[in-house]
2 protein chains.
Amino acid sequence: MEPIRRQQLIEATMTAIDEVGLHDATVIRIARRAGVSAGIISHYFGGKDGLLEATMRQILRDLNDAIAARRRALANDSPKARLQAIIDGNFDRSQVTGPAAKTWLAFWASSMHKPALARLQYINDRRLYSNLRHHFRRAMPAPEAEQAARGMAAMIDGLWLRGALTREGLDATEARQVANAHLDQLFAQIEEAFL
Amino acid sequence: MEPIRRQQLIEATMTAIDEVGLHDATVIRIARRAGVSAGIISHYFGGKDGLLEATMRQILRDLNDAIAARRRALANDSPKARLQAIIDGNFDRSQVTGPAAKTWLAFWASSMHKPALARLQYINDRRLYSNLRHHFRRAMPAPEAEQAARGMAAMIDGLWLRGALTREGLDATEARQVANAHLDQLFAQIEEAFL
DNA sequence: TTTTATTGATTGAACGTTCAATAAAAAAAT
DNA sequence: ATTTTTTTATTGAACGTTCAATCAATAAAA
């Protein structure tokens, strides 16, 4: 029963946050969404905070899985192909649906004052930046690679943030297009520097 | 008295949100910060929501003032110079201090489910995008200009978001450097296309 | 004296958590 | 195979807390 209930409650949490925001996503509302009673949340997650943390972990896991899948599907492992896989993974379907997107943004804001969430947030931020820098580093000098990684990380998060705020949600195709155009520019500039 | 109290309470709101987050920024906490009693908030702002909306308006006004000031200080009005003014204005001092940055991010998340804040948010987003597109449009064809504007807007917001989440706060100098490097690339590519 | 500004105790609503009671399932005993 | 016992899963009312808003009382200013 436990794994089933946990999954149901995590999904209900995302749905509730998508519908009414983190502040109004009460335990009763979440429990009703999942078709159970409020008390069960404390039973399986120790309390509301435990459920919220588990929900954020789920979202981060989904994101990493999406990126890993794209990497595995790669024919070559050129720096540019690897970077494209990271970009595409970040705009993977599981990440851009309303519930996941709004839940993530809610956690982003919340993590500023909740150490447990801040830790998860920090690890994920660093991983995105480190991965980007590592692959840029194979194609350009270190200072340029670091700047490129910072810019690309910001653009990905920014596209994602702006998408979460629009009524229609994020257009993943368009977001990929913008980010990949930027990637093309960075690599076009490298080739030019070698001529 | 009214303008003084309003200003005090708005500043106290940002400080409180910076310290404990939007959720725990209660009227009593804000009032104590401002050195007044809780009841005065309803008296001057009609309630807590009114105070929050006024605080967001203040932040957006400060941002627009910063951008306008940079534009006025401009020697020439070339597209690139105008775009640089927008970038610099977005990382102006008043925007990158802890209180303003965290308050803004808190409102960003909150605006997903509060129509009053969403309206302010939407207007500001559109203005940034429209301004960027307008100036890019003077230097490149429309489709490219739109894509460049989307990418630049995302990068600005992303740098800003990532800065708000780091413990040390946003490094404005570094953020400007990254955004301006991207701008240089966009313009370098234009010149190349004309050769 | 009249108007304006401010207080802070009170009120009612809503929240998360707890826990005794109960239902369902599994195991053991007959 | 049937009954009894034990364990596991779940409920929802009750509890204590916290919040924003209210408003009669008071102080200050005009």
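Letters A, B, ... mirror the listed sequences (proteins, then strands); counts begin at 1. These numbers come from a predicted model, not from an experiment.
- With A:H135 contributing its side chain and A:A81 its backbone, the two residues share no donor-acceptor pair below 3.5 Å.
- Nearer to the 5' terminus of DNA chain C, by closest-nucleotide assignment, is the contact made by B:E2 (compared with the other of B:E2 and B:A38).
- Atom P of nucleotide C:dG16 and atom CG of B:D24 are separated by 13 Å, given to the nearest angstrom.
- Atom CZ of B:F45 is separated from atom P of D:dA20 by 15 Å (rounded to the nearest Å).
- Ion pairing between B:K80 and B:D184 holds under the 4.0 Å rule for side-chain N and carboxylate O.
- Note: CZ (A:R29) to C1' (C:dA14) measures 13 Å, nearest angstrom.
- One finds a side-chain N or O of B:R5 lying less than 4.0 angstrom from the OP1 or OP2 phosphate oxygen of C:dT6.
- When atom types are taken as modelled, the side chain of B:N64 and the backbone of B:L60 share a donor-acceptor pair closer than 3.5 angstrom.
- Taking atom CD1 of A:I41 as the reference point, atom P of C:dC15 lies 13 Å away to the nearest angstrom.
- Closest approach to the A:H43 side chain among C:dT6, C:dG16, D:dT10 is made by D:dT10 (side chain taken as heavy atoms from C-beta onward).
- We find that CZ of A:R32 is positioned 13 Å from C1' of C:dA14, with the value rounded to whole Å.
- Following rounding to the nearest Å, B:I40 (CD1) and D:dT22 (P) show an atom-to-atom distance of 14 Å.
- Rounded to whole Å, atom P of C:dT6 lies 6 Å from atom CE of B:M1.
- Listed nucleotides D:dT11, C:dT6, D:dA21 differ in distance to A:S37; the shortest reach to its side chain belongs to D:dT11.
- The residue B:G47 sits close only to the backbone: its heavy atoms come under 4.0 Å of sugar-phosphate atoms, none of a base.
- A distance-only check finds no donor-acceptor pair linking the side chain of B:S130 to the backbone of B:R127 [under 3.5 Å].
- Minimum atom distance to the side chain of A:T26 is reached by C:dG16, of the listed C:dG16, D:dC19, C:dT7.
- When Watson-Crick and G-U wobble pairs are counted only if both distances are under 3.5 Å, D:dC15 pairs with C:dG16.
- Across all strands shown, D:dA28 forms a Watson-Crick or G-U wobble pair with C:dT3, both key distances being under 3.5 Å.
- Side-chain atoms of A:V27 lie closest to C:dG16 of the nucleotides C:dT7, C:dG16, D:dA21.
- Closest to the B:K48 side chain, of the nucleotides C:dT7, D:dA21, D:dT10, is D:dA21.
- Counting to the nearest Å, the P atom of D:dT22 and the CD1 atom of B:I28 are 15 Å from each other.
- Not a single donor-acceptor pair under 3.5 Å links the side chain of B:N124 to the backbone N or O of B:L120.
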